[in-house]
**Student:** 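After the structure tokens below, expect a handful of questions from me.
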Amino acid sequence: MWVLVIIAGIGVVTLLLLLFAPHIRRYAAGAACATASRLDGKTVLITGANTGIGKETALDLALRGARVIMACRDTEKGEEAAASIRAECPKAQVEVRELDLADTCSIRAFAQNFLREVHQLHILINNAGVMMCPYTKTVDGFEMHIGVNHLGHFLLTYLLVGLLKRSAPARIVVVSSLAHNFGWIRFHDLHSQGSYNSGLAYCQSKLANVLFARELARRLKGSDVTVNSVHPGTVNSDLTRHSTIMTILFSVFSVFLKTPREGAQTSIYCATAEELHSISGKHFSDCAPAFVAPQGRSVETARKLWEVSCELLGIEWD
């Protein structure tokens with residue numbers, strides 16, 4: 001009896017999903033970036049641009065006339081992504097450079113070559129990230145989530161901020177997540193050596209993104225370089241590859257999720273919208289200002305995280 005009820009229930013739910021799928025998709029897609037701003041003569045750097053929302057962001061900005069530099073750990077996949085962008089936009093100025101955010105030596109080498117060969121940088125999009133991976137450490141011994149999602153981008157931005165200032169007006173976009181609401185900066189165990197939960201480690205790193213963007217915006221005030229963080233939405237991408245359960249759920253409920261192109265819209269908006277030319281230190285979702293959790297608004301936590309990050313990376317950034 002109960003088996004029949006369950007089967008009938010599944011059938012009804014499936015039928016409703018099929019009937020309302022178009023409406024669900026329109027809602028799930030969220031807002032689209034409406035600005036038609038051109039980026040001719042502008043240089044853009046996007047980390048993790050070989051797949052997902054990074055690739056879609058690269059495509060859109062290339063279509064706007066920008067020179068787009070795709071910083072990727074896997075340059076072979078990066079070249080494949082660049083080729084697909086050129087196929088869609090033959091005049092696209094896209095190039096691939098190797099960058100492993102899990103290795104500070106790679107970040108420094110990338111920045112050294114970049115500064116020697118590229119003379120302007122108008123938009124930096126800190127997009128790359130890892131999610132819910134098994135407990136692993138970066139080359140430098142940092143827990144992978146905090147190491148890649150936060151510390152890697154912290155160091156990269158530090159090394160390139162001078163060029164951004166010289167190229168001003170310039171923008172920095174930090175891709176965070178709604179997950180920052182569930183994160184806490186565990187200063188006593190930042191690298192999860194005492195205990196580890198992949199979901200909480202991810203949330204901590206996304207909170208670090210929000211805090212970094214807000215503190216950097218404060219420090220860059222008056223420089224004509226703006227910094228904003230974004231929540232791209234729940235995107236159906238390969239970011240869930242480390243979690244079998246998440247991969248299955250994302251496949252089953254894909255109708256409720258954004259496509260990578262839809263997920264890229266807020267990054268594109270923050271990078272191009274004319275009305276944001278002087279807006280800094282804010283958080284956006286669906287191309288509009290978004291809620292920031294109380295722990296993401298803490299000035300004290302942001303400053304302490306800044307100091308700890310500098311100490312871990314062996315840099316001085318006042």
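On a predicted model such as this, the values are computed, not experimentally measured, just so you know. Positions are given from 1, in the same order as the sequence printed here.
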**Student:** Give a yes or no on whether the backbone of C72 and the side-chain of N50 come within a donor-acceptor separation of less than 3.5 Å.
**Tutor:**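 No, N50 side chain to C72 backbone: no donor-acceptor pair under 3.5 Å.
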
**Student:** Report yes or no: does H191 contribute a side-chain atom to a donor-acceptor pair with the main-chain N or O of G141 at less than 3.5 Å?
**Tutor:**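 Flag not set: sc H191 to bb G141 has no pair under 3.5 Å.
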
**Student:** Measuring only between side-chain heavy atoms, which start at C-beta, is F284 closer than 4.5 Å to S229?
**Tutor:** no

**Student:** Nearest 0.5 angstrom please: E80 CD to T75 OG1, how far?
**Tutor:** 10.0 Å

**Student:** Between atom NZ of K55 and atom CD1 of I85, what is the distance when rounded to the nearest 0.5 Å?
**Tutor:** 6.5 Å

**Student:** Output yes when a side-chain donor or acceptor of Q295 lies under 3.5 Å from a complementary backbone atom of G183, and no otherwise.
**Tutor:** yes

**Student:** How close do A168 and V225 get, counting heavy atoms only, and between which atoms?
**Tutor:** CB-CG2, 4.3 Å

**Student:** Working to the nearest 0.5 Å, report the span between SG of C33 and CG of D60.
**Tutor:** 6.5 Å

**Student:** Show every donor-acceptor pair shorter than 3.5 Å between a side-chain atom in residues 305-318 and any protein atom, with sequence neighbours excluded, or say none if there are none.
**Tutor:**
from, atom 1, to, atom 2, distance (Å)
W306, NE1, W317, O, 2.9
S309, OG, H150, NE2, 2.8
S309, OG, L305, O, 2.7

**Student:** Verify the distance criterion only: is there a donor paired with an acceptor across the side chains of N149 and S205 at less than 3.5 Å?
**Tutor:**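 Judged by distance alone, the side chains do pair up.
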
**Student:** Could you pull out the closest heavy-atom pair between E274 and S37, with the gap in Å?
**Tutor:**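 It is CG-OG, 3.4 Å.
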
**Student:** So, for R64 and I268, which heavy atoms are closest and what is the spacing to 0.1 Å?
**Tutor:**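 Heavy atoms of R64 and I268 come nearest at NH2-CG2, 3.8 Å.
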
**Student:** Just checking, is any N or O donor in the side chain of S176 or H283 under 3.5 Å from an acceptor N or O on the other one?
**Tutor:**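 No pair is found: no donor N or O on one side chain lies under 3.5 Å from an acceptor on the other.
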
**Student:** In terms of hydrophobic clusters joined by side-chain contacts under 4.5 Å, are I279 and V292 together?
**Tutor:**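 No, I279 and V292 fall in different hydrophobic clusters.
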
**Student:** Could you state whether V210 and L151 fall into the same hydrophobic cluster, counting links through intermediate Ile, Leu, Val, Met, Phe, Trp or Tyr residues with side-chain heavy atoms under 4.5 angstrom apart?
**Tutor:** no

**Student:** What are the two closest heavy atoms between H145 and M131, and how far apart are they?
**Tutor:**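 Smallest heavy-atom distance, with atoms named: NE2-C, 3.5 Å.
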
**Student:** With a 4.5 Å heavy-atom cut-off, do L155 and R108 have their side chains touching?
**Tutor:**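 Result yes, sub-4.5 Å side-chain heavy-atom pair found.
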
**Student:** Does any part of the side chain of P169, heavy atoms only, come nearer than 4.5 Å to the side chain of D224, both counted from C-beta?
**Tutor:** yes

**Student:** Using side-chain hydrogen bond (donor to acceptor under 3.5 Å, both in side chains), reason through N127 and T57 one step at a time and then give a plain yes or no.
**Tutor:** CA-CA 9 Å; N127 167 82; T57 303; 5.4 Å; no

**Student:** Any donor-acceptor pair under 3.5 Å linking the side chain of H231 with the backbone of S285?
**Tutor:**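 No; zero donor-acceptor contacts below 3.5 Å.
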
**Student:** Show the numbers, then the answer: is there a side-chain contact (heavy atoms from CB on, under 4.5 Å) between T301 and F187?
**Tutor:** CA-CA 10 Å; T301 303; F187 289 110; 4.0 Å; yes

**Student:** Do R97 and E117 meet the salt-bridge criterion of a basic N to acidic O distance under 4.0 Å?
**Tutor:** yes

**Student:** Just verifying a value: how many Å separate R214 CZ and R297 CZ, rounded to the nearest 0.5 Å?
**Tutor:** 7.5 Å

**Student:** Do Q265 and C287 touch side chain to side chain, with heavy atoms closer than 4.5 Å?
**Tutor:**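 SC-SC contact between Q265 and C287 confirmed.
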
**Student:** I'd like to know if the side chain of T47 reaches the main chain of N126, judged simply by a donor and an acceptor atom lying under 3.5 Å from each other, with no hydrogens or angles considered.
**Tutor:**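 A pair under 3.5 Å: no.
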
**Student:** Looking at CZ of R166 and CG of L160, how far apart are the two atoms once the value is rounded to the nearest 0.5 Å?
**Tutor:**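 Separation between the atoms: 10.0 Å.
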
**Student:** Taking the side chain as every heavy atom from C-beta outward, state whether V161 and L220 have any atom pair closer than 4.5 Å.
**Tutor:** yes

**Student:** For side-chain contact (heavy atoms from CB on, under 4.5 Å), just list the numbers for T138 and M144, CA-CA rounded to whole Å, side-chain angles, deciding distance to a tenth of an Å, and then say yes or no.
**Tutor:** CA-CA 5 Å; T138 67; M144 190 62 70; 3.9 Å; yes

**Student:** Could you walk me through whether E215 and R219 satisfy the salt bridge (charged side-chain N to carboxylate O under 4.0 Å, His left out) test, starting with their C-alpha distance in whole Å, then the side-chain angles of each, then the deciding distance to 0.1 Å, before giving a yes or no?
**Tutor:** CA-CA 6 Å; E215 179 64 11; R219 291 168 181 259; 2.8 Å; yes

**Student:** Would you confirm whether D103, through its side chain, and C105, through its main-chain N or O, come within 3.5 Å as a donor-acceptor pair?
**Tutor:** yes

**Student:** Begin with the C-alpha distance, continue with both residues' side-chain angles, and end with the deciding distance and a verdict on side-chain contact (heavy atoms from CB on, under 4.5 Å) for I46 and M70.
**Tutor:** CA-CA 5 Å; I46 308 174; M70 306 165 66; 5.8 Å; no

**Student:** How close do H119 and S167 get, heavy atom to heavy atom, and via which atoms?
**Tutor:** O-OG, 4.4 Å

**Student:** Would you check if F110 and L159 make a side-chain contact, meaning some heavy-atom pair closer than 4.5 Å?
**Tutor:**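 Not touching, per the 4.5 Å side-chain cut-off.
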
**Student:** Indicate if L101 and L164 have the same hydrophobic cluster label, given that clusters are the connected sets of ILVMFWY residues with side-chain heavy-atom separations under 4.5 angstrom.
**Tutor:** yes

**Student:** Any link between V130 and Y196 through a network of hydrophobic side chains (Ile, Leu, Val, Met, Phe, Trp, Tyr) touching at under 4.5 Å?
**Tutor:** no

**Student:** Just by modelled atom types, is the V68 backbone N or O under 3.5 Å from a matching donor or acceptor in the K42 side chain?
**Tutor:**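 Absent.
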
**Student:** I'd like to check I69 versus R67 (side-chain heavy atoms, cut-off strictly below 4.5 Å). Are they in contact?
**Tutor:**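 Yes - at least one pair of side-chain heavy atoms lies under 4.5 Å apart.
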
**Student:** Decide yes or no for L276 and K282: does some side-chain heavy atom of the first lie under 4.5 Å from some side-chain heavy atom of the second?
**Tutor:** no

**Student:** Distance check, rounded to the nearest 0.5 Å: I125 atom CD1 versus I172 atom CD1?
**Tutor:**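 Interatomic distance, I125 CD1 to I172 CD1, rounded to 0.5 Å: 11.0 Å.
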
**Student:** Do F291 and N181 pass the side-chain contact (heavy atoms from CB on, under 4.5 Å) test, and can you show the C-alpha distance, the side-chain angles, and the key distance before you say yes or no?
**Tutor:** CA-CA 9 Å; F291 173 79; N181 285 274; 3.4 Å; yes

**Student:** Main chain of A288, side chain of D286: is a donor-acceptor contact present, judged purely on distance under 3.5 Å?
**Tutor:**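 The answer is no, because no donor-acceptor pair under 3.5 Å joins these two groups.
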
**Student:** State whether the side chain of Q204 and the backbone N or O of R186 hold a donor-acceptor pair below 3.5 Å, judged by distance alone.
**Tutor:** yes

**Student:** Does any donor atom in the side chain of Q193 or Y135 lie under 3.5 Å from an acceptor atom in the other side chain?
**Tutor:** no

**Student:** When you measure from the side chain of T43 to the backbone N and O of H122, does any donor-acceptor pair fall under 3.5 Å?
**Tutor:** no

**Student:** Which heavy atom of T272 sits nearest a heavy atom of T35, and at what distance?
**Tutor:** OG1-CG2, 3.0 Å

**Student:** L115 and L45: same hydrophobic cluster, using ILVMFWY side-chain contacts below 4.5 Å?
**Tutor:** yes

